[in-house]
Structure formats: C-alpha cells, structure tokens
Asker: 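A single structure is presented below for examination.
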Amino acid sequence: MDVKTIIEKMTLEEKAAFCAGKDFWHLGGIEEFHIPETMVTDGPHGLRKQAREADHLGLNESVKAVCFPAGCALACSFDPELAREMGAELGKLAQAEDVSVVLGPAMNIKRSPLCGRNFEYYSEDPLLSARMAAGAVKGTQSQDVGTSPKHFLANNQEYYRMSSNSVVDEQTMREIYLASFEEMVKEAKPWTIMCSYNRVNGTYACENQEYLTDVLRDEWGFDGYVMTDWGALDDPVESLKAGLDLGMPGPMPDNAKRIVDAVKDGSLDEGVIDTAVERILNIVLKYVENHKKDAAYDFEAGHETARRIETESAVLLKNEDGILPLQEKENVLFIGEYAKKPRYQGGGSSHINPWKISSVWDEIGTMEHVSWTQGYTDSSRDHNGEAYLREAVELAKKADKAVIFCGLPEIYETEGVDRKKLDMPENQNTLIRAVSEVQPNTIVVLHNGSAVTMPWIDSVKAVLELYLGGEASGLAAADLLYGKANPSGRLAETFPLRLEDTPTYPYYGVEKDDIPYREGRLVGYRYYNTVRKPVLYPFGHGLSYTTFGYADLRLDKIEMTDGDELTVTVDVTNTGKTAGKEVVQLYVQNPSLHEVRPLRELRGFRKIFLEPGETKKVEFRLRKRAFAEWNPSMHDWFVPAGCYHIEICANAQEVLLEV
C-alpha cells in the first residue's frame with residue numbers, strides 16, 4: 001500500500017486528527033483504505049493492556065500478563081541477550097493481544113537514587129543502559145511489534161516532572177543523557193520514540209527541534225515516529241515543526257483544530273503534517289501487514305522465562321564465611337511477609353496484572369527444616385509490630401540460620417513521586433538489628449527498586465539483592481539461596497553509604513523550576529571514583545558461589561590515533577568448584593588533563609559461562625568513542641592526546657589488571 005497516495009487523498013482535517021490519536025490507547029484508522037485502528041500500551045517489563053476504562057497510572061485492572069523483572073533488576077544481568085529474550089516474550093504477548101507498540105523500554109539515567117521511577121530504569125551508566133535497551137528493542141521488534149524507548153530526554157526526576165526545566169550543559173548531555181539513547185537508536189532501530197514531559201534547556205521536550213530532529217533524526221538516523229508521553233503535548237503546532245509526530249492520548253479535537261488553523265493562516269506548512277502522517281502510517285502498516293491474527297501466548301513458558309531472567313539478575317552483595325548457599329538439612333527460619341507476598345514490581349503506569357505470583361515460600365515451604373514468622377508488616381495500621389519482633393527474635397535463637405525478606409514498600413517508590421530518603425522502613429532495620437544480635441548467621445534478602453542504606457551491614461553474614469524481580473522472583477530466590485543456581489548479577493548502580501554522599505545532594509528534590517545538573521558528567525560511579533568518595537557497594541559489584549581468575553591482559557598496540565581500533569584480550573578462568581557466569585568489565589582510565597573528567601568509564605562488558613577449571617579468552621574492540629569526550633567548542637567528539645589505562649575490573653573501584 002503506497003503511503004504517499006493515501007496521504008494525498010486525506011483531507012487536512014483527517015491528517016490533523018491522525019496526529020492526535022483516537023482515544024487513550026488507540027491510533028485512528030483510515031476506513032477508506034482498510035487501515036484499522038491500532039493499539040499501543042504500557043510496558044516496559046510486562047504488558048499493561050487495560051480491558052475496560054483506561055488510565056495512565058495503573059489504577060484500573062489490565063489483562064493478565066507475565067510480569068518480568070523490572071529494569072533495575074534486568075540491567076544487573078549485564079546481558080543484552082537476556083534483555084532480547086525478555087523483549088521477545090513481550091512481543092509474543094503483544095501479538096496475541098493485538099498491540100502494535102509496547103511503550104518501553106524505560107532508559108533514563110539514574111542521576112540520583114531518589115528518583116521514584118528508578119525501578120523502571122536500567123542504570124547510572126549510559127553504555128550499560130544503551131546496550132540493555134538495544135537488546136530489549138531488538139527482542140520485541142523481532143515479533144513484528146514496535147517499541148517506544150522512553151523518556152527522551154533528561155527526564156531524571158518525578159518531582160514536578162511535567163513542568164521542570166532540565167538545565168544540562170552540552171558536554172554532559174552528549175556523554176551521559178544522549179549517550180544512553182544513542183547506541184540503542186543506531187543499533188536497534190526502534191519503531192517509535194517517546195518524548196518526556198519536562199523542558200530541556202528551556203524548551204519542552206516535545207517542541208525541541210535540536211533533539212527531536214537535528215540529533216535523533218538527522219544525526220542518528222531514526223526513521224520512526226515520535227510520540228509524546230501521555231498528556232505532555234503543550235503546543236501542537238510548535239511540536240510538529242520540531243519533529244513530533246503523534247500527541248497522546250487522543251482524542252484532542254482542540255489540538256487538531258489548532259493544527260488546521262495554523263495551515264490555513266500560513267504559520268504551518270502542510271508538508272510538515274504530511275511528513276508526520278507518513279511516519280506514523282509507515283509504522284502502523286508494518287504492524288498491520290505482519291500481525292499474527294491467530295497468535296497465542298504460552299504463559300507457563302513466560303513465567304519460567306521470568307524466573308530464569310531474575311535468577312541471572314539477582315546480585316549477591318555479601319557472603320561472609322560462605323554462609324550461602326543454604327543446605328537442606330539446616331534449620332532455617334524465614335522472616336518477613338515478602339517471603340510469602342514478595343514485592344516484585346513498582347507502582348504507576350508499568351504496574352502489571354500478573355499471570356501468577358510465585359513466592360519463595362511456595363517453593364520451599366514444604367521442606368522439613370524450614371519455618372516462617374511474620375517479623376513485620378508494611379502497614380502502619382498493624383499494631384502487632386512489637387509482638388512480631390519478639391517472636392522473630394525468639395525463633396531466630398533456635399535456628400541454624402535466619403533469612404530476613406525485606407526492602408521498600410511500594411509507597412516508597414512509584415511513578416509521580418520521588419523518594420525522600422535512602423533508608424528502608426525503620427521497623428525493618430530494627431528487626432534486622434534485633435535478629436542479628438541473637439543469630440550470628442543472619443541473611444538479608446532485599447526487594448527494592450533502587451539503592452538503600454544498610455546500617456546493619458556489619459552484623460549480617462549475607463545480603464542477596466533481588467530488586468523487583470517480577471512474578472517469579474520467589475522461585476529465583478529459592479534457586480539462589482539453596483544453590484540450585486549460582487548468582488551472577490552485578491550492580492547497575494552505586495549503593496552509597498548515605499544520602500549526603502550522592503552527587504546531587506543537597507539540591508535534588510528541592511528545586512522545582514530550573515533544575516541545573518551541577519554535577520555535570522560526574523554521575524554515579526564517575527562521581528564517587530573521581531572525588532575518592534567511599535561507597536557501600538560500587539557499580540559493577542557482585543559475588544558468586546565460585547571464584548574467577550584473570551591473566552594475560554594483552555593489547556594489540558600501545559600507541560594509536562583516534563582513527564585506529566584497539567583489540568584487547570584477557571584470559572578468564574573459573575578457579576572454584578562450581579560452574580558459574582562472570583561479568584568481565586573493561587574500563588578506560590582517562591589521562592589527567594586540565595579539566596574535571598571522570599577517572600574511569602565503562603567501555604565494554606561480556607558475560608561468560610565457565611565450568612570449574614575452564615578458561616576462556618575474552619576479546620574487546622575499542623574505537624574512538626571509547627577514549628573520546630565531547631568537545632563543546634568543536635561540537636564533536638574529540639580524543640585528547642595522552643596516556644590511557646586499559647583496566648579489567650571486578651567493579652568500578654577494584655582494578656584487577658591494567659595496561
């Protein structure tokens with residue numbers, strides 16, 4: 001079907017309405033050409049297709065769907081292929097539900113751990129974010145369903161997100177916030193992009209020609225359509241001129257009229273509307289022509305995929321004296337309501353109606369040597385707190401080991417609201433302290449969407465970070481705790497010691513109009529490393545039930561120009577007795593010049609599986625961008641001359657080998 005012919009036969013009013021959406025979730029069809037209405041709906045870690053009344057914040061129930069691990073968990077897998085698998089599952093279900101575009105992945109940078117929506121986002125590092133998102137996009141679109149990576153651009157807080165102005169210098173924007181999207185757009189070619197509510201350097205994201213057209217389309221080659229976040233459209237005429245194509249949700253008859261009037265009074269070229277309609281129609285037809293009308297989804301297989309993804313994403317933060325894995329003959333006390341009712345997802349527009357929820361107690365509750373006690377509740381109206389605490393302490397004294405399931409209640413982190421502190425609820429911290437005083441073998445299992453403080457860390461033997469692990473997180477937890485699976489996740493964000501140590505303290509969450517990004521490029525580990533600030537757990541940290549050794553780091557050259565490619569190889573050996581996966585992390589340490597530049601930056605990573613005693617040679621190829629910084633005077637990438645260190649690291653702070 002020739003799109004240009006269709007557009008030629010559409011009236012101005014029809015084209016204007018087509019750029020405004022039909023209703024909350026649907027794009028309008030064109031009956032004359034047998035083009036049906038098409039549906040878009042929320043992701044990013046499940047399908048939130050609402051069967052009846054539509055709303056944006058997840059208040060009304062949606063159809064059953066598999067709830068996969070949220071972005072905070074998935075990114076810790078450091079495995080883009082795993083993201084691709086999850087994306088493919090979303091695409092299969094979208095085909096079965098006749099959804100043309102899944103609104104995700106969410107890939108804004110974790111500028112501060114206080115952002116209430118960090119549970120949806122991947123990382124504080126743009127390379128990891130871009131590569132995980134690229135995997136997710138490729139997976140979903142392999143099923144002939146589109147994606148809409150979001151929220152473009154510099155959308156890093158929930159506080160006043162619809163009106164705040166992100167004030168970001170050119171260098172920081174290029175190296176951190178645009179970089180999170182750039183590789184994804186170039187490599188995965190998403191069908192659509194969603195722009196954010198906020199202003200960027202004074203101009204609303206949906207009216208920002210510099211980013212929507214000059215960068216996204218002309219520089220990066222994006223050829224799909226750009227839609228607004230729901231309700232983000234301010235001026236429909238200026239947005240079309242800037243490169244926006246679709247304002248959602250519809251219908252917006254007033255906006256359509258404004259577009260028509262602008263064409264008639266000469267302030268808007270009708271060709272701009274034609275281009276927008278063409279972009280939308282190209283994507284609509286790509287879906288319609290490949291829609292599998294008889295598609296069905298295997299929910300049981302999806303549930304097992306969710307289990308496997310979470311198993312590879314969970315991070316073992318601490319394991320003193322090898323207290324984990326648990327042994328089946330040990331008398332183990334499980335404490336906390338999350339053992340029976342896990343917190344597995346965040347609140348807001350990504351809230352999934354899960355097909356089936358599996359708790360850790362579902363998996364191990366029938367074992368002979370395990371027991372459970374309440375310990376605490378999330379509800380402030382429950383007045384049994386002291387009784388729960390006393391019972392937990394008494395039972396913990398008699399056990400061989402105690403495992404406390406805790407974390408952040410959903411009210412602490414949800415769309416539309418930022419966190420006020422990094423601490424977990426005090427009743428949970430009190431419980432951990434009290435139990436660890438009487439039980440030296442205390443283990444903590446965390447359910448949270450972002451970093452938390454751990455004032456009790458020195459008194460517990462182990463910490464397993466599940467994040468928000470999806471509907472099968474309990475099954476994954478059981479596999480990991482009892483050694484049926486070997487932990488292989490690595491932190492995709494830094495866990496600071498306290499809020500006051502974070503790079504955006506004390507102004508994050510205080511300013512509500514102009515939001516200057518004062519920390520510049522020093523986001524996350526780039527800040528902590530450069531200013532030598534100690535942290536609780538660094539970016540990239542994660543333990544295993546086995547050990548790995550590194551040797552023979554080689555470079556194919558020690559001098560190069562910015563036009564050369566550097567090949568780096570390193571041998572990695574499983575030196576333990578258990579098969580497992582290792583995340584090989586390559587960082588580049590930048591030369592000391594006359595400017596503040598991050599000390600080291602992640603420039604490559606590979607996840608590999610090794611049997612005990614097995615050695616594999618891992619290869620990285622580094623090009624100009626691995627060494628470059630954005631030069632504001634040149635408005636281009638530039639590599640300063642100097643000595644760069646190639647580092648193989650256990651995490652962002654621990655160098656294993658360097659040349």
Side-chain angles (χ1 to χ4, degrees), residues 69 72-82 123 128 132 307-327 360 401 403 441 443-446 454 457 460-467 469 473 475-495 525 535-551 570-587 602 604-618 647-657:
C72 59
L74 177 64
C76 293
S77 72
F78 273 69
D79 189 346
E81 284 303 309
L82 205 62
S123 181
L128 179 58
M132 295 302 295
R307 174 183 190 166
R308 181 166 52 83
I309 292 172
E310 170 61 6
T311 302
E312 293 213 16
S313 301
V315 185
L316 183 60
L317 295 176
K318 181 177 182 178
N319 194 24
E320 188 177 329
D321 300 330
I323 192 172
L324 290 177
L326 302 172
Q327 305 302 312
V360 70
K401 296 176 180 177
V403 184
N441 296 320
I443 298 154
V444 173
V445 179
L446 292 172
M454 303 181 197
I457 189 63
V460 303
K461 284 287 184 68
V463 180
L464 177 64
E465 174 62 86
L466 295 181
Y467 276 105
S473 60
L475 302 179
D479 291 342
L480 293 163
L481 288 171
Y482 278 92
K484 294 179 180 179
N486 192 346
S488 62
R490 303 292 183 265
L491 286 181
E493 63 183 321
T494 305
F495 275 46
Y525 72 86
V535 301
L536 179 60
Y537 288 111
F539 173 91
H541 171 74
L543 305 176
S544 171
Y545 292 153
T546 190
T547 54
F548 299 95
Y550 288 78
V570 64
D571 291 342
V572 185
T573 302
N574 184 340
T575 55
K577 299 179 180 179
T578 304
K581 291 187 175 183
E582 171 71 326
V583 176
V584 186
Q585 302 171 48
L586 185 151
Y587 295 77
L602 182 71
F605 57 92
R606 298 282 190 280
K607 194 166 193 176
I608 58 172
F609 174 79
L610 293 169
E611 294 285 354
E614 183 181 8
T615 299
K616 287 183 179 177
K617 187 178 292 294
V618 179
E647 302 174 331
I648 300 296
C649 298
N651 53 63
Q653 291 192 348
E654 185 180 350
V655 179
L656 302 174
L657 298 171

Asker: Is the backbone N or O of Ala492 less than 3.5 Å from a side-chain atom of Ser123, with the two atoms forming a donor-acceptor pair by type?
Answerer: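 Checking the backbone N and O of Ala492 against the side chain of Ser123, a donor-acceptor pair under 3.5 Å is found.
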Asker: Quick one: pull up CZ in Phe78 and CE in Met132 and give me the separation to the nearest 0.5 Å.
Answerer: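 One finds 9.0 Å between CZ of Phe78 and CE of Met132.
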Asker: Is there a donor-acceptor contact under 3.5 Å linking the side chains of Ser77 and Lys607?
Answerer: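 No, Lys607 and Ser77 have no side-chain donor paired with an acceptor closer than 3.5 Å.
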Asker: Whether Glu312 and Lys581 form a salt bridge (side-chain N of Lys/Arg under 4.0 Å from carboxylate O of Asp/Glu) is what I want to check.
Answerer: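 A salt bridge is present here (some side-chain N lies under 4.0 Å from a carboxylate O).
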Asker: Using a strict 4.0 Å threshold on nitrogen-to-oxygen distance, state whether Glu320 and Lys318 make a salt bridge.
Answerer: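 A salt bridge links Glu320 with Lys318.
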Asker: Do His541 side-chain atoms and Arg490 backbone N/O form a donor-acceptor pair below 3.5 Å?
Answerer: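 Pair absent, no side-chain N/O of His541 close to backbone of Arg490.
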Asker: Quick check: closest heavy atoms across Ala551 and Leu657, and the distance to 0.1 Å?
Answerer: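 Taking Ala551 first and Leu657 second, the nearest heavy atoms are N-CD1, 3.8 Å.
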Asker: Run the side chain to side chain contact (heavy atoms under 4.5 Å, CB included) test on Leu586 and Phe605 for me, step by step, so that the C-alpha distance in whole Å, both residues' side-chain angles and the decisive distance to 0.1 Å come before the verdict.
Answerer: CA-CA 6 Å; Leu586 185 151; Phe605 57 92; over 6 Å; no
Asker: Got a sec, which residues hit side chain to side chain contact (heavy atoms under 4.5 Å, CB included) with Ala462, two or more places apart in sequence or on another chain?
Answerer: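 With neighbours one apart ignored, the set is Asn319, Ile323, Leu324, Ile443.
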Asker: Report the C-alpha separation of Lys461 and Asp321 in whole Å, then their side-chain angles, then the decisive distance to 0.1 Å, and conclude whether the side chain to side chain contact (heavy atoms under 4.5 Å, CB included) test is met.
Answerer: CA-CA 8 Å; Lys461 284 287 184 68; Asp321 300 330; 3.4 Å; yes
Asker: So if I apply the side-chain contact (heavy atoms from CB on, under 4.5 Å) rule between Met454 and each of Val460, Leu446, Val444, which one comes out positive?
Answerer: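 Considering Val460, Leu446, Val444, a side-chain contact (heavy atoms from CB on, under 4.5 Å) with Met454 is found only for Leu446.
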Asker: Please step through side chain to side chain contact (heavy atoms under 4.5 Å, CB included) for the pair Val584 and Phe548, ending with a clear verdict.
Answerer: CA-CA 10 Å; Val584 186; Phe548 299 95; over 6 Å; no
Asker: Below 3.5 Å, can you tabulate the donor-acceptor pairs from side chains in residues 608-616 to any protein atom, sequence neighbours excluded?
Answerer:
{"unit_1": "Glu614", "atom_1": "OE1", "unit_2": "Glu611", "atom_2": "N", "d": "2.8"}
{"unit_1": "Thr615", "atom_1": "OG1", "unit_2": "Thr573", "atom_2": "OG1", "d": "2.6"}
{"unit_1": "Lys616", "atom_1": "NZ", "unit_2": "Phe609", "atom_2": "O", "d": "2.8"}

Asker: Just verifying a value: how many Å separate Ile648 CD1 and Tyr587 OH, rounded to the nearest 0.5 Å?
Answerer: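 Those atoms lie 10.5 Å apart.
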Asker: Given side chain to side chain contact (heavy atoms under 4.5 Å, CB included), test Tyr537 with Leu491 step by step and report yes or no.
Answerer: CA-CA 8 Å; Tyr537 288 111; Leu491 286 181; 3.6 Å; yes
Asker: Just to verify, what does Lys617 make a salt bridge (charged side-chain N to carboxylate O under 4.0 Å, His left out) with, not counting sequence neighbours?
Answerer: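 Here the qualifying residues are Asp571.
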Asker: Test your reading of the model: is there a side-chain donor-acceptor pair from Tyr545 to the backbone of Lys577, 3.5 Å cut-off?
Answerer: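 No, because the side chain of Tyr545 does not come within donor-acceptor range (under 3.5 Å) of the backbone of Lys577.
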Asker: Going by atom types only, do Tyr467 and Glu465 share a side-chain donor-acceptor pair under 3.5 Å?
Answerer: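 Short answer, no.
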Asker: What are the two closest non-hydrogen atoms of Pro325 and Tyr482, and how far apart are they?
Answerer: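 Reported closest heavy-atom pair: CB-C, 3.8 Å.
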Asker: For a side-chain hydrogen bond (donor to acceptor under 3.5 Å, both in side chains) with Thr546, tell me which candidate from Asn574, Thr578, Asn486 qualifies.
Answerer: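 Testing each of Asn574, Thr578, Asn486 against Thr546, the sole residue satisfying side-chain hydrogen bond (donor to acceptor under 3.5 Å, both in side chains) is Asn574.
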Asker: Rounded to the nearest 0.5 Å, how far apart are CZ of Arg308 and CG of Asp479?
Answerer: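 Between Arg308 CZ and Asp479 CG, I get 12.5 Å after rounding to 0.5 Å.
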Asker: Is a donor on one side and an acceptor on the other found under 3.5 Å between the side chain of Gln585 and the backbone of Ala650?
Answerer: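 Present.
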